[in-house]
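Because the structure is predicted, anything quoted here is derived from the model rather than measured.
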Amino acid sequence: MSSTVGAEERVHRRIRYGLMCGGLANFLALYYVQPLLPGVARHFGVSASESTAVLSLATITMAVALLFVGPVSDMTGRVGIMRLSLVASGVLGLATAFAPTWHSLLVLRGLQGVALAGLPAVALAYLREETPPGSHVRANATYIMGTALGGAAGRLLPGPLHELWGWTGASAAVGAITLVCGIGLWALVPPSRHFERSSPRLGGLLANTARTLKDPTLVVLCLVGAATMGAFVGLCNALAFRLEGAPYLLGGAAALAFLAYPVGIPAPLAAGRLAVRRGRGPAALHGVALLGAGVLLTRMSALPAVVAGLGVLTFAFLGTHSLVSGWVSDRAQRVGVGVGQAAGLYLLAFYAGSSVFGALAAYRWQSAGWPSVITGAIVLTAVAGLLVGLARRFDTP
């Protein structure tokens, strides 16, 4: 009996660390351009607000692709899609390094966003199916911790790489890392054992989408994801430009402010422990409140306060995202809608928030400065808090 339990634990450990590896690659490939936006603007001769398209286009194409990848995974399986996603993302990442023009870069980033959709749309559903109920929060937190590591690498590695090798070298290195992580996921994550194929009929997919959208809790949780992601990404997009200008004048060293990002890596596990004690709803409210505190800290002019605010913001965002994404999968399973499709709809809202509010924050910075960026982030944070309160009211088992 003990040997069977030990074998099961080894399988679950492989799943957790394989998806952690996948999450790292996914967020690294998606967000490595964020600290490089000023350099991208100079390299391709575009404005600050235009440069955000290299990030926003990838996130919006990912968001659109999520509409299809989740349902397809419900029909065909999870693991093959995740493997193909990371390998294709790595290849396209290498191609972006050698994009000859601004428009060719945008096309490649758009395609990369489509490829990247395969992992996040499937990972949460796979975890829900392949790990025991008592391990769901822990497994989900481990995956989100992988995305946090990817986010940290995506903010910290590109700056020094860009200083050494320019845009081409930095992009090529990120593409290579994505490929290596894809190989790691391929080797570690075992085939599904508990996956149940759903009906491939289009009518069934549309009916399931309608059921998902009719559930007020799921809809509200999707909007929480959009609001928190919009506040976080928007502020980070504008921060790179703020630190390059007066009074900081950090130039390429502005990316070093993202050294605060690793503070958020343990946030999913901490949020998971709080959720076990207090419940997901109260823990999510704590996360949103902390998100607001981080935004306000970055309002200060002292550089240490700005960096501290970024650390608080990152910790709060990643912890809240871990809780809300897991809440979506749990709610979908309880009310009988497709978990993969519900996760896909959540991530659609999540990345749409990144695209829309991330670009809007850059425009606010360009037209009205940092106080305008802060105002937008605070509004989004307040909306997220109200929505979490509504989700708690609606979510009755």
Distance-minimising heavy-atom pair for [X] and [Y]:
| X | Y | value |
| --- | --- | --- |
| Ala25 | Cys181 | CB-CB, 3.3 Å |
| Ala391 | Leu221 | CB-CD2, 3.8 Å |
| Leu318 | Ala267 | CB-CB, 4.3 Å |
| Ala99 | Leu108 | CB-CD1, 4.1 Å |
| Ala29 | Leu116 | CB-CD2, 4.0 Å |
| Ala65 | Ala117 | CB-CB, 3.6 Å |

Any residue meeting side-chain hydrogen bond (donor to acceptor under 3.5 Å, both in side chains) with [X], in chain and number order, not counting sequence neighbours:
| X | value |
| --- | --- |
| Ser372 | Arg364 |
| Ser325 | none |
| Tyr126 | none |
| His321 | Tyr346 |

Going by side chain to side chain contact (heavy atoms under 4.5 Å, CB included), name the residues that satisfy it together with Leu161, two or more places apart in sequence or in a different chain.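 Checked Leu161 against side chain to side chain contact (heavy atoms under 4.5 Å, CB included); matches are Leu157, Trp165, Ala170, Ala173.
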Do [X] and [Y] sit in the same hydrophobic cluster, where Ile, Leu, Val, Met, Phe, Trp and Tyr count as joined when their side-chain heavy atoms come under 4.5 Å apart?
| X | Y | result |
| --- | --- | --- |
| Ile60 | Phe357 | no |
| Leu387 | Ile378 | yes |
| Trp327 | Val335 | yes |
| Leu111 | Val54 | no |
| Leu28 | Leu37 | yes |

Which atom pairs, donor and acceptor, lie under 3.5 Å between side-chain atoms of residues 281-293 and protein residues at least two apart or in another chain?
residue : atom : partner : partner atom : Å
His286  : ND1  : Pro282  : O            : 2.8

Side chain to side chain, Phe317 and Leu313, heavy atoms closer than 4.5 Å: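 Not in contact.
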Hey, could you give me each pair passing side-chain hydrogen bond (donor to acceptor under 3.5 Å, both in side chains) that has a residue in residues 51-67? Not counting sequence neighbours.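 side-chain hydrogen bond (donor to acceptor under 3.5 Å, both in side chains) check on residues 51-67 returns Thr59-Ser355.
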Within residues 94-115 or reaching into it, pairs that qualify as side-chain hydrogen bond (donor to acceptor under 3.5 Å, both in side chains) - sequence neighbours excluded: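 Qualifying pairs, neighbours excluded: Tyr32-Thr96, Thr101-Ser104, Arg109-Gln112.
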Can you check whether [Y]'s main-chain N or O pairs, donor with acceptor, with [X]'s side chain at less than 3.5 Å?
| X | Y | value |
| --- | --- | --- |
| Asn26 | Leu86 | no |
| Thr168 | Ala97 | yes |
| Thr375 | Pro371 | yes |

So Leu347 and Phe350, side chain to side chain contact (heavy atoms under 4.5 Å, CB included) or not? Walk me through it. CA-CA 5 Å; Leu347 291 169; Phe350 186 77; 4.2 Å; yes
I need the [X] [atom1] to [Y] [atom2] distance, nearest 0.5 Å.
| X | Y | atom1 | atom2 | answer |
| --- | --- | --- | --- | --- |
| Leu119 | Leu84 | CG | CG | 11.5 Å |
| Glu50 | Leu106 | CD | CG | 10.0 Å |
| Leu310 | Phe315 | CG | CZ | 14.0 Å |
| Leu213 | Cys222 | CG | SG | 8.0 Å |
| Leu380 | Leu360 | CG | CG | 8.5 Å |
| Leu30 | Ser89 | CG | OG | 9.5 Å |

For [X], look at atom [atom1] and say whether over 12 heavy atoms of other residues, nucleotides or ligands are found less than 6.0 Å away.
| X | atom1 | answer |
| --- | --- | --- |
| Arg14 | CZ | yes |
| Arg83 | CZ | yes |
| Tyr363 | OH | no |

Sequence neighbours excluded - ring-ring contact (aromatic ring centres under 6.0 Å, His included) pairs with any residue from residues 48-94: none
Could you pull out all residues at least two apart from Tyr31 that satisfy ring pair (Phe, Tyr, Trp, His ring centres under 6.0 Å)?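 Scan of Tyr31 (ring pair (Phe, Tyr, Trp, His ring centres under 6.0 Å), adjacent residues dropped) gives Phe27.
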What do the steps show when you test Leu105 against Trp167 for side chain to side chain contact (heavy atoms under 4.5 Å, CB included), and what is the final call? CA-CA 12 Å; Leu105 174 64; Trp167 165 257; 3.6 Å; yes
Lys/Arg-Asp/Glu bridge criterion (N-O < 4.0 Å) met for Arg280, Asp395: no
Between Leu185 and Met82, is the side chain to side chain contact (heavy atoms under 4.5 Å, CB included) condition met? List the steps. CA-CA 8 Å; Leu185 180 142; Met82 291 190 289; 4.2 Å; yes
Name every donor-acceptor pair, under 3.5 Å, that has one atom in a side chain of residues 227-243 and the other anywhere in the protein, sequence neighbours excluded.
residue : atom : partner : partner atom : Å
Thr228  : OG1  : Val224  : O            : 2.9
Thr228  : OG1  : Gly225  : O            : 3.3
Asn237  : OD1  : Gln34   : NE2          : 2.7
Asn237  : ND2  : Gly358  : O            : 3.3
Arg242  : NH1  : Thr298  : O            : 2.8
Arg242  : NH2  : Tyr248  : OH           : 3.3
Arg242  : NH2  : Met300  : O            : 3.2

Does the side chain to side chain contact (heavy atoms under 4.5 Å, CB included) test come out yes or no for Val40 and Phe44, once each step is laid out? CA-CA 6 Å; Val40 168; Phe44 290 97; 4.1 Å; yes
If a pair satisfies salt bridge (charged side-chain N to carboxylate O under 4.0 Å, His left out) and one of its residues is in residues 214-224, list it, with sequence neighbours excluded.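 Of all non-adjacent pairs touching residues 214-224, those that pass salt bridge (charged side-chain N to carboxylate O under 4.0 Å, His left out) are Asp215-Arg331.
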